[in-house]
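No hydrogens, no waters, no symmetry mates; every other heavy atom, side chains included, goes into these values.
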Amino acid sequence: MSATNASFARTTLLMLLVGATVLLGIILSSLWLVDRTRTTFDYIIEERDIRRAAADLLQNLVDSETGQRGYLITRQESFLEPYRLALDDVQRNLARVETLVKGRPIKEERIPELKRLVEQKVAEMARSVELTRNGQQLEAAELVQTEFGRKVMDEIRATLDFFKEQSDLNVQRGVAEQIESSSQLQWFTIGGGIAIIAVMSGAIFIVTQHVRELSRARREVELLNDSLEERVNERTEDLMQANQEIQRFAYIVTHDLRAPLVNVMGFTSELDTSLKALQAYVLADGGQLTEDQIREARLAASEDLPEAIGFIRSSTKKMDGLINAILKISRDGKRQLKPESIEMKPLLETTSASVHHQIAESDGKVQLDVRVPMINTDRLSLEQILGNLFDNAVKYKHSERPLNLSVRVLPEGRNMVRIEVEDNGRGIADEDHERIFELFRRSGQQDKTGEGIGLAHVRSLARNLGGEITVRSQMGSGSTFVLRLPSDLSRIVRS
């Protein structure tokens with residue numbers, strides 16, 4: 001490990017330890033404060049329950065006393081129903097208050113006295129109701145007038161008010177503690193956040209420094225890796241396409257070369273037959289020949305031999321043309337490319353000038369639309385491609401209308417240029433769009449001279465320049481040849 005990497009590792013580890021310590025502190029303090037907050041909240045809820053139970057108990061006693069007084073005054077049994085219901089609630093809420101104040105000494109020590117007072121009050125009300133029911137209204141009124149029940153009720157109210165006041169104080173104290181805990185949690189979080197931000201900033205600074213150093217060394221590798229998959233796919237597709245073309249090329253060569261060879265072999269046999277007839281005539285040495293031998297010898301000399309020699313000569317000439325075409329295409333791949341900056345408009349004007357008189361004869365015209373003024377490529381190859389496309393447009397123009405030829409040079413993506421050569425000629429059938437780029441293959445009516453190597457040569461040149469050529473066409477509506485080339489061939493040549 002280098003000194004730089006070792007220093008980076010030590011510094012990064014230290015930053016991680018500091019950050020982990022700060023984070024652990026924040027987590028522990030947050031857990032403690034959350035637990036404290038939960039405990040305080042539960043305490044507040046319990047105090048509120050005590051206050052509510054005390055208020056309910058007092059209200060039950062008031063309700064039962066109201067029912068008792070109503071019965072004493074009216075002696076109607078209907079007042080006894082709320083009286084009895086209130087008494088039931090009194091016992092239940094008294095037991096609830098006793099349960100809730102357990103563990104709170106100040107309140108818990110007053111529970112026995114509260115229970116005694118409640119029993120006295122309940123007994124006083126039950127005694128007055130019993131006397132009234134037995135017809136002793138005067139005794140019941142005297143019992144009430146003693147004010148014993150009022151005094152007991154006042155003492156009960158005072159005790160329950162004390163419970164409520166204490167609960168209110170405890171709730172206020174709990175709320176204050178909640179606010180304090182929230183404030184502490186806030187400050188802990190802010191302080192921890194600042195500490196973590198500081199640690200992260202230092203770590204980011206160190207990592208940025210290290211990454212900057214690494215990026216300088218790896219920039220070229222990253223650029224290559226970014227395009228590696230695309231380049232592999234392109235190369236795989238190119239290899240598959242090249243393999244298919246090799247197979248088609250092998251078939252075409254063997255098929256087209258075999259036909260002249262068959263003719264040569266057949267007429268060689270014809271020569272042999274004619275030669276035998278001549279040999280019999282020439283080598284007779286004055287011997288007697290039959291009329292048939294003389295006729296065959298004369299026929300061989302006047303017709304058979306010249307015909308055979310003529311067919312052999314035409315077959316060998318065709319073979320020579322095919323072989324020269326194959327050699328021409330094979331030389332395209334061997335020639336060293338010489339990328340140079342080329343101004344497209346002057347090049348197109350020069351190429352169109354070579355066919356200007358042929359186009360002008362039919363009142364045709366050439367239109368140029370150059371939106372990419374300059375590209376870097378092999379001049380000779382590009383001139384051959386454009387010259388061939390222009391010649392084909394003239395050769396296969398429509399007989400019933402003037403030839404209109406449009407050439408457009410457009411950008412395509414970041415690193416490609418698209419050159420479109422459009423004509424209004426005969427057009428090409430859909431099934432022949434790919435076939436016309438094969439060696440020795442032609443499309444449509446064969447009324448023009450040629451061996452079918454022009455567009456095959458164009459495709460070979462285009463691929464040598466790192467590009468491709470395709471065609472869009474319909475019969476009778478003209479054709480558009482689309483040539484796609486790298487805008488800078490020198491980069492491809494270097495790679």
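M416 has its side chain out of reach of E468: every pair of non-hydrogen atoms, C-beta onward, lies at least 4.5 Å apart. Under the 4.5 Å side-chain criterion, counting only non-hydrogen atoms from C-beta, N424 is in contact with L403. Residues I419 and L386 have side chains in contact (heavy-atom distance under 4.5 Å, counting atoms from C-beta outward). At a threshold of 4.5 Å between non-hydrogen side-chain atoms, the residues V458 and N392 do not count as touching. At least one side-chain heavy atom of F481 sits under 4.5 Å from a side-chain heavy atom of I428. In this structure, V471 and L455 have side chains that are not in contact, with every pair of non-hydrogen atoms separated by 4.5 Å or more. The closest side-chain heavy-atom distance from L389 to I469 is below 4.5 Å. A 4.5 Å side-chain heavy-atom check between Q166 and I50 finds every atom pair outside the cut-off.
Rounded to the nearest 0.5 angstrom, M475 CE and D430 CG are separated by 9.5 Å. A distance of 9.0 Å separates CD1 of I375 from CG of L489, quoted to the nearest 0.5 Å. Rounding to the nearest 0.5 Å gives a distance of 11.5 Å between NZ of K397 and CG of N404. Between the CZ atom of R459 and the CD atom of E434 there is a distance of 4.0 Å, given to the nearest 0.5 Å. Rounding to the nearest 0.5 Å places OG of S381 at 5.5 Å from CG of L337. Here the CG atom belonging to L380 is positioned 10.0 Å from the CD1 atom belonging to I385, to the nearest 0.5 angstrom.
For the pair P411 and R371, the tightest heavy-atom approach, listed with the atom from each and the gap, is CD-CB, 4.4 Å. Closest approach of R401 to G425, counting heavy atoms only: NH2-O, 3.2 Å. The two residues S406 and R408 come nearest to each other via the heavy atoms CB-NH1, 3.9 Å. Taking both residues in full, the closest heavy atoms of P486 and G467 are given as CD-N, 4.1 Å, listed atom of the first, atom of the second, then distance. Listed here is the closest heavy atom pair of A53 and V97: CB-CG2, 3.6 Å.
In terms of modelled atom types and a separation under 3.5 Å, the side chain of S473 and the main chain of G427 share no donor-acceptor contact. For R51 (side chain) and E165 (main-chain N/O), no donor-acceptor pair under 3.5 Å exists by modelled atom type. Remark: the backbone N or O of A456 is not paired with any side-chain donor or acceptor of S460 at under 3.5 angstrom. Looking only at distances, no side-chain donor or acceptor of D378 sits under 3.5 Å from a matching main-chain atom of P339.
Between V366 and the options D423, L348, L405, a side chain to side chain contact (heavy atoms under 4.5 Å, CB included) holds for only L405.
Heavy atoms of other residues, nucleotides or ligands lying less than 6.0 angstrom from NE2 of H356 number 12 at most. By the neighbour-count criterion of 12 heavy atoms within 6.0 Å, atom CD1 of I106 is sparsely surrounded, having that number or fewer from other residues, nucleotides or ligands. Within a 6.0 Å sphere centred on CD of E340, other residues, nucleotides and ligands contribute more than 12 heavy atoms. The environment of R48 atom CZ is sparse: at most 12 non-hydrogen atoms of other residues, nucleotides or ligands sit within 6.0 angstrom. Crowding of E343 atom CD: a count of heavy atoms from other residues, nucleotides or ligands under 6.0 Å not exceeding 12. More than 12 heavy atoms of other shown residues, nucleotides or ligands fall within 6.0 angstrom of atom NZ in K164.
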Test side-chain contact (heavy atoms from CB on, under 4.5 Å) applied to V417 and V409, step by step: CA-CA 7 Å; V417 174; V409 184; 3.8 Å; yes

Intermediate values then yes/no, side-chain contact (heavy atoms from CB on, under 4.5 Å), M344 and V372: CA-CA 7 Å; M344 289 304 299; V372 180; 5.6 Å; no

V421 and L483: CA distance, side-chain angles, deciding distance, side-chain contact (heavy atoms from CB on, under 4.5 Å) verdict: CA-CA 8 Å; V421 180; L483 175 66; over 6 Å; no

CA sep, side-chain torsions, deciding dist, call: R52, S167, side-chain contact (heavy atoms from CB on, under 4.5 Å): CA-CA 10 Å; R52 186 181 297 110; S167 294; over 6 Å; no

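Residues passing the side chain to side chain donor-acceptor pair (under 3.5 Å) test with D56, sequence neighbours excluded: none. Under the rule for a side chain to side chain donor-acceptor pair (under 3.5 Å), the partners of R173 that lie at least two apart in sequence or sit in another chain are N170.
Taking a cutoff of 4.0 Å between a charged side-chain nitrogen and a carboxylate oxygen, E420 and R418 qualify as a salt bridge.
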